Every structure is written in structure tokens, then in C-alpha cells.
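Working notes, beginning with the structure itself.
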Amino acid sequence: MTETPVRARFAPSPTGHMHLGSARTALYNYLLARKTGGQFILRIEDTDRKRFMPGTEQELIDGLHWLGLHYDEGPDIGGLFGPYRQTERYEIYQEFARKLVNLDHAFPCFCTTERLDRVRAEQQTRKENPHYDGFCRSLAPDEAARRIASGEKYVIRFRMPKEGSTTANDLLRGSITIENRNLDDSVLMKSDGWPTYHLAAMVDDHLMKISHVFRGSEWLGTFPLHVNIIRAFGWEEPIWMHLSVFLKPTGKGKMSKRESAEAIKDGHSIFIKDLEGLGFIPEGLVNWAALMGWGAGETEDVLSLDEMIEKFDITHLTPSPAAVNFTKLDYFNGEHIRRLTHIDLAGRIKPYFLNAGYSVDDETLLKIIPIIRERLVTLDDCLPFAAWFFKEKVDVNPLELVGKNLTAAQSADVARKIYAILDSLPDLSHAVSEAPMRHLIVDLGLSPNQVFGILRVAVTGQTVSPPLFESMEIVGKARVIERLQNAIGLLDKMI
RNA sequence: GCCCCCAUCGUCUAGUGGACUAGGACGCAACCCUUUCAAGGUUAUGACCAGGAUUCGAAUUCCUGUGGGGGCACCA
């Protein structure tokens with residue numbers, strides 16, 4: 001590792017639930033910081049009081065920790081460059097806004113929203129691009145000062161150069177050049193005194209010594225503005241990387257709330273919190289998200305966070321939009337579930353049994369793990385496969401008790417023979433029970449499917465279950481015998 | 001309408017002018033294994049958006065078109 005340590009930041013605004021896109025941006029920031037031995041910083045961009053949603057900052061923090069993306073500096077843990085919540089940095093933005101005005105790179109604007117709306121509407125009818133018309137751009141400084149002193153409401157706008165062009169450089173996309181006449185005198189400070197993103201983020205990135213910025217491609221349009229602001233201050237620019245948005249699974253159109261509602265019907269979502277509840281584990285989720293937009297090479301696709309840190313390379317990031325593929329999330333989740341230790345997996349699935357109302361003894365839980373782990377795609381799959389282990393009595397559908405291509409009478413006969421054999425055994429460990437049962441199959445001239453099918457339904461109450469012999473060993477002879485008796489009774493009633 | 005970005009199998013991607021008969025992963029299909037369901041193994045199907053240009057040679061560079069995406073707020 002020869003790179004210089006990177007300071008990277010994840011700077012969400014607490015206005016909604018944390019989603020896939022934010023998670024990936026956070027992840028790349030984290031990966032880069034860890035890879036270079038630098039710092040990963042969480043900054044809360046909460047200057048928009050109107051869109052603020054209580055609780056979402058905590059959700060963001062919880063989500064980051066759940067994903068395993070622990071930060072070095074942040075609002076709840078502090079750091080050398082705090083505070084890390086923009087609403088706690090009010091004076092800082094005031095100072096830098098003033099500075100830009102003094103440098104004549106910004107100016108106070110007294111236009112009302114009514115006037116601005118009217119100007120925009122007129123421009124629209126004239127088929128012009130909507131933009132600020134420069135009404136207050138050349139106001140004399142002393143007149144501006146007088147109006148401010150008299151209490152008039154105003155905003156501070158950036159004085160965008162009228163001539164020439166601006167070239168900004170993005171690591172993934174190369175240089176992007178825009179004619180300055182297409183750029184606007186954007187508002188840097190709102191009339192309520194709070195800064196807009198344009199000012200706040202640039203100031204904070206500078207003050208917090210951010211060296212690399214990952215952000216969504218929605219910022220590409222204002223990218224030249226930001227570069228101009230930084231240059232107006234005379235600061236050094238960070239390295240910019242604009243990540244693309246996620247598209248619908250079909251690849252047509254971007255992932256939206258509508259699609260997310262569709263996704264949740266088959267057990268998926270783009271919201272991190274939902275995904276956690278749906279039984280996805282952070283290891284799988286992170287692996288999946290990482291590979292949408294990053295080519296990890298031709299080696300192994302299933303990666304742990306540490307392996308990703310090792311392999312991460314910003315020169316292998318892709319600028320093109322990626323369609324989300326939930327089927328692949330399932331795959332990664334299953335793979336990572338199988339990589340968990342038995343103890344770890346047990347701890348993660350236990351809550352699902354508990355929440356479903358079962359009382360769980362840890363000894364049984366641990367025994368179940370080896371026989372269900374390769375069957376789990378999501379953690380909640382443990383229920384259909386193994387909930388019956390914790391039931392006193394299983395519900396049996398008599399129709400399912402009838403063996404394939406057999407009558408109820410034949411099935412009852414088979415069940416009785418199974419019963420006789422199992423009952424005679426000292427215990428039902430896999431080692432002692434399998435051989436006699438195999439013999440029975442041969443003696444009866446039936447298929448394993450037919451015989452084991454009857455036994456499976458009798459013991460588990462379901463047609464799909466973990467392997468039978470292992471399962472019987474876990475539930476024990478007493479219960480198997482009891483359930484077999486019950487099954488024989490049910491079959492007899494059908495004759 | 002204007003500005004900007006993007007473009008390789010169905011999807012995520014490898015590819016940085018000759019090693020490309022375009023590689024890998026997911027999915028799909030077949031087979032093997034098998035007591036159900038999985039997992040695992042083997043094999044198969046499958047792509048350089050179109051048209052021009054540069055070059056001895058283009059998936060790779062440049063133009064144009066097309067398609068997709070983002071932006072044009074006192075939101076981030």
C-alpha cells in the first residue's frame with residue numbers, strides 16, 4: 001500500500017430512509033479510506049429544515065454500523081474537524097459566505113421568490129432556459145449594505161463568470177467542460193441564513209480536509225459550480241468521482257419508489273432497513289452493492305469486506321448506470337450465510353424463531369445449523385425449514401402422508417413397518433437408523449422417495465425438509481415414534 | 001426546450017490499438033450427485049447500439065445518430 005491516506009466522507013441528509021444508492025456510496029468511501037489507511041467520515045447535511053425527518057439520522061448511523069462501515073469521525077463520536085452536523089456549523093458558513101462577497105465572487109440578492117417565479121415563467125414562454133436574470137448582480141455594495149441594514153430579506157448568490165468555460169475533472173469520466181453562460185448565479189445562502197449544499201459541502205470538505213469525494217451523478221450538473229466555488233476561495237480541489245444511479249431490474253428507467261414497492265412483493269427492497277428485516281445479512285448486501293459499479297477483476301466474486309478493502313481500486317469503477325438484480329443479491333446472501341460460523345448463524349436466525357412465537361433451546365438450534373445452512377437464501381428461510389423442530393406437535397395433512405403412487409392402505413402398511421423398525425432401535429442417530437431403513441426399502445421393493453416421503457411428512461409435517469436422518473436424530477426417538485403413531489392413525493382413517 | 005453523463009451476453013462486469021475464436025459471475029437449460037428442498041460438480045446457450053472516420057490493424061481513438069440516465073430550486 002503506497003497510496004497516501006485518503007480522507008473520505010459520507011454526507012447524507014436526514015430526509016428519508018437509507019437506500020441502496022447511499023449504502024454503495026458509503027461503502028466506496030469506506031473502502032477507499034481503509035485501503036489507504038485514511039479516515040472515513042460521516043457528516044450530516046441537515047441544512048434543509050423543511051425536509052428534515054426526525055429519526056433518519058439515527059437510522060443512517062444504525063445502518064452504517066449494521067453494514068459494518070464504521071466511521072472514524074462523525075456527529076455522535078466527534079473528531080478533530082467537528083462538528084459533523086451542518087446545523088452546528090452555522091457561523092462557519094456565515095463567515096465563508098461573507099468572505100466570498102468581500103472577494104466579489106458572490107453578491108447579495110434581494111429578489112423575492114414571486115419575482116423569480118415570474119421571471120422563470122416568462123423565460124419559459126419565450127422558450128429560454130430558466131435561469132437567474134442577474135437583477136441584483138450589479139447592485140452597488142453600499143446600497144446592498146443599506147438594504148441589509150434596513151432588515152430586507154436577501155440571499156447570497158455566487159457570481160458566476162459570464163465569459164469562458166469551466167473544466168472540471170472527474171476521475172471516472174475525465175474532464176467535463178461547460179460554457180459559463182450555461183451556468184447560473186446559484187444561491188449559496190438562503191434568506192433564512194442557512195447555506196445551500198453548494199456552499200456548505202464545499203466549505204466542509206475543505207475544512208475537513210477531504211481528499212476524495214464520491215457522490216451521486218445527480219451532482220454532475222452542479223459540478224462546474226462547485227469547482228468554481230472552490231477556485232474562488234483559492235482552495236485545492238479534492239479528487240471527484242461521480243457514481244451513477246441504479247436502474248430498474250429491466251434496465252429501463254431508474255429505480256424508483258414504484259419499483260421498490262414491486263420489489264417488496266417478492267422479498268426485496270432498496271431500503272437498507274427493509275432488507276435487514278427481510279433476512280438479508282450485511283455481508284451479502286455489501287458484496288452485492290459493491291459489484292454494481294466496480295469490476296473487482298476476474299477473481300472470486302464472493303468477497304468479505306476485508307477482501308474488498310484489499311482489492312478496491314478506484315481506477316476500476318464504472319461510470320455507467322447499473323440495473324439492480326435482486327436475484328444476484330439472493331445468491332450473494334446465500335453464499336455469505338454459508339460462510340458464517342455455526343455459532344454466528346445460530347445467533348442470527350434465533351430472533352426469527354422467537355419472533356414467530358417459538359421457544360428456542362440453543363442446543364437444538366445449534367444442531368440444526370449444519371443441516372439447514374446450505375438451504376438458506378435469507379435468514380427468515382429458517383422458518384419453513386426448521387420451525388417444526390420447535391413444535392410440540394406437527395400438523396399433518398393426511399393427503400400428504402400417502403406415498404407416491406401408493407394407496408392410503410399401502411402407505412399405512414409402510415408406516416407400520418417403519419414404526420416397527422425404528423421402535424426396535426436403541427436410538428435414532430443417523431448412524432443406527434439409516435441402514436435398517438435402506439433394507440426396508442429393498443425388502444418392500446419401493447423407492448427411497450416413496451418410503452422416506454411418508455416418514456418425512458409424518459415426522460416433520462411437511463413435504464420439504466432438511467435431510468431426514470439428521471433431522472430424526474435431532475428431534476429424538478420419542479417424538480419420532482409418537483408422530484409415527486399419529487400418522488398411522490391418520491392413514492387408517494383414510495382407508 | 002437547454003445543458004451534462006452513459007453505452008460489451010437477459011443482468012453485473014473483464015477489456016486501457018495486435019495476446020479476442022471477446023474472459024468471469026448471476027440467471028436460464030442439460031447432465032451428475034441425491035430421501036424432499038437445497039448445496040456442490042460438469043457442460044451448454046449467450047454480447048462489443050448503428051453509421052462513418054483514423055490506422056497495416058478498432059470492443060478499445062474521433063465524429064454523427066439512436067437509445068438510456070441525470071440536471072436546469074432560497075432540496076440535497
Side-chain angles (χ1 to χ4, degrees), chain A residues 11-13 15-16 45-48 50-51 109 111-113 116-117 120 124 127-132 153-157 170 172-173 176-179 182-184 186-192 194-198 200-201 215-224 242 244-245 247 249-254 288 291-302 315-316 318-332 334-335 338 371-377 381 384-385 434 437-438 441 447-453 455-457 460 462-469:
Chain A
S13 53
T15 53
E45 310 225 326
D46 55 353
T47 55
D48 186 352
K50 290 193 277 292
R51 294 204 311 155
C109 168
C111 297
T112 60
T113 46
L116 261 15
D117 288 344
R120 241 192 306 276
Q124 303 259 33
K127 300 267 187 223
E128 283 175 28
N129 304 338
H131 65 281
Y132 177 63
K153 284 259 185 197
Y154 69 100
V155 301
I156 290 176
R157 288 179 182 276
D170 176 280
L172 315 184
R173 299 158 200 268
I176 296 162
T177 300
I178 298 183
E179 297 299 321
N182 291 319
L183 265 17
D184 215 348
S186 299
V187 171
L188 299 180
M189 181 156 293
K190 301 175 258 184
S191 57
D192 61 7
W194 289 103
T196 58
Y197 172 92
H198 311 309
R215 30 139 68 160
S217 63
E218 66 268 24
W219 295 111
L220 233 27
T222 44
F223 185 22
H242 292 87
S244 279
V245 293
L247 269 21
T250 56
K252 299 258 180 223
K254 78 160 190 175
W288 175 60
L291 263 21
M292 285 189 285
W294 169 41
E298 297 190 30
T299 47
E300 187 67 70
D301 270 352
V302 179
T315 65
H316 282 83
T318 53
S320 44
V324 297
N325 181 348
F326 289 116
T327 311
K328 203 158 186 173
L329 170 59
D330 289 342
Y331 164 76
F332 279 119
E335 286 290 326
R338 268 165 253 136
I371 62 173
I372 65 167
R373 61 190 223 128
E374 66 259 30
R375 275 156 253 268
L376 305 181
V377 170
D381 287 341
F385 276 114
E434 180 161 6
M437 289 304 293
R438 296 278 175 196
I441 288 164
S447 72
N449 197 342
Q450 289 172 306
V451 176
F452 293 150
L455 181 54
R456 181 187 316 283
V457 173
T460 70
Q462 38 196 65
T463 54
V464 171
S465 82
L468 246 193
F469 294 108

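Residue numbers start from 1 in every chain, and the chains themselves are labelled A, B, ... in the order their sequence lines are given, proteins ahead of strands. Every value quoted in this text rests on a predicted model; they were computed, and no experiment measured them.
Here, B:G70 and B:U36 have their C1' atoms 50 Å apart, quoted to the whole Å. Taking the C1' atom of each, B:C28 and B:G68 are spaced 25 Å apart, rounded to whole Å. The separation of B:C48 from B:G17, taken at their C1' atoms, amounts to 15 Å, rounded to a whole angstrom. For the P atoms, the distance linking B:A59 with B:A50 amounts to 11 Å, nearest Å. Rounded to a whole angstrom, the distance from the C1' atom of B:C63 to that of B:C20 is 26 Å. Going from the P atom of B:A29 to that of B:A22 covers 26 Å, rounded to whole Å. B:U35 and B:G23 are spaced 40 Å apart, taking the C1' atom of each and rounding to whole Å. Here, B:U55 and B:G10 have their P atoms 34 Å apart, quoted to the whole Å.
OP1 and OP2 of B:C74 both lie 4.0 Å or more from every side-chain N or O belonging to A:His198. Taking side-chain N and O atoms only, A:Lys153 has no distance below 4.0 Å to OP1 or OP2 of B:C74. Checking the phosphate oxygens (OP1, OP2) of B:A73, no side-chain nitrogen or oxygen of A:Lys190 falls inside 4.0 Å. Residue A:Thr47 has a polar side-chain atom (N or O) positioned under 4.0 Å from OP1 or OP2 of B:A76.
Between A:Ala323 and A:Met292, the shortest heavy-atom distance links the atoms O-SD, 4.1 Å. Of all heavy-atom pairs between A:Thr318 and A:Leu172, the closest is O-CD1, 4.4 Å. When all heavy atoms are compared, the tightest approach of A:His242 to A:Gly216 is CD2-O, 3.7 Å. Minimum heavy-atom separation, A:Thr15 to A:Arg51: CG2-O, 3.3 Å.
Nucleic acid contact for A:Pro130: base, since at least one base atom lies under 4.0 Å from a heavy atom of the residue. As judged by a 4.0 angstrom heavy-atom cut-off over every strand, A:Gly293 is placed among residues touching the sugar-phosphate backbone only. Among the heavy atoms of the strands, none lies under 4.0 Å from A:Ser447. Among the protein residues, A:Arg157 comes within range of the sugar-phosphate backbone only, with heavy atoms under 4.0 Å from sugar or phosphate atoms but none that close to a base.
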I'd like a table of atom pairs between the protein and nucleotides 66-70 of chain B - only N or O on both sides, under 3.5 Å - with the distance next to each one.
| from | atom 1 | to | atom 2 | distance (Å) |
| --- | --- | --- | --- | --- |
| B:G69 | OP1 | A:Gly253 | N | 3.3 |
| B:G70 | O2' | A:Ser217 | O | 3.4 |

Expected string for nucleotides 33-51 of chain B under the B/S/- scheme (protein heavy atoms, under 4.0 Å, primed atoms plus P, OP1, OP2 as sugar-phosphate) is --BBBBSS-----------
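Judged purely by atom type and a 3.5 angstrom limit, A:Glu45 has no side-chain atom pairing as donor or acceptor with the backbone of A:Ala200. For A:Ser217 (side chain) and A:Leu220 (main-chain N/O), no donor-acceptor pair under 3.5 Å exists by modelled atom type. Not a single donor-acceptor pair under 3.5 Å links the side chain of A:Thr47 to the backbone N or O of A:Thr196.
In this structure, of B:C74, B:A76, B:A25, it is B:A25 that holds the atom nearest to the side chain of A:Asp301. Counting only heavy atoms from C-beta on, A:Asn129 has its side chain closest to B:G1 among B:G1, B:C74, B:U16. With distances taken from any side-chain atom of A:Thr327 to the nucleotides B:G27, B:C75, B:C12, the minimum falls on B:G27.
Atom pair A:Leu291:CG and B:A25:P shows a separation of 13 Å (rounding to whole Å applied). Regarding A:His316, its NE2 atom lies at a distance of 14 Å from the C1' atom of B:G23, rounded to whole Å.
Under a cut-off of 6.0 angstrom, the local environment of OH in A:Tyr132 is crowded, with over 12 non-hydrogen atoms contributed by other residues, nucleotides or ligands.
Atom CZ of A:Arg375 and atom CZ of A:Phe385 lie 6.5 Å apart (nearest 0.5 Å).
Figure legend. B:G40 is base-paired to B:C32; pairs are counted as Watson-Crick or G-U wobble with both atom distances under 3.5 Å. Both distances falling under 3.5 Å, in either a Watson-Crick or a G-U wobble arrangement, occur for no nucleotide opposite B:A59. Look at B:U11: its Watson-Crick or wobble partner, with both distances under 3.5 angstrom, is B:A25.
Side-chain to base pairing of A:Ser191 with B:C74: one donor and one acceptor N or O lie within less than 3.5 Å of each other.
Between A:Trp288 and A:Phe326, the ring planes lie tilted relative to each other; the angle falls in the 30° to 60° range.
Heavy-atom distances to RNA chain B give each of A:Ser244 and A:Asn325 a nearest nucleotide, and the one nearer the 5′ end belongs to A:Ser244.
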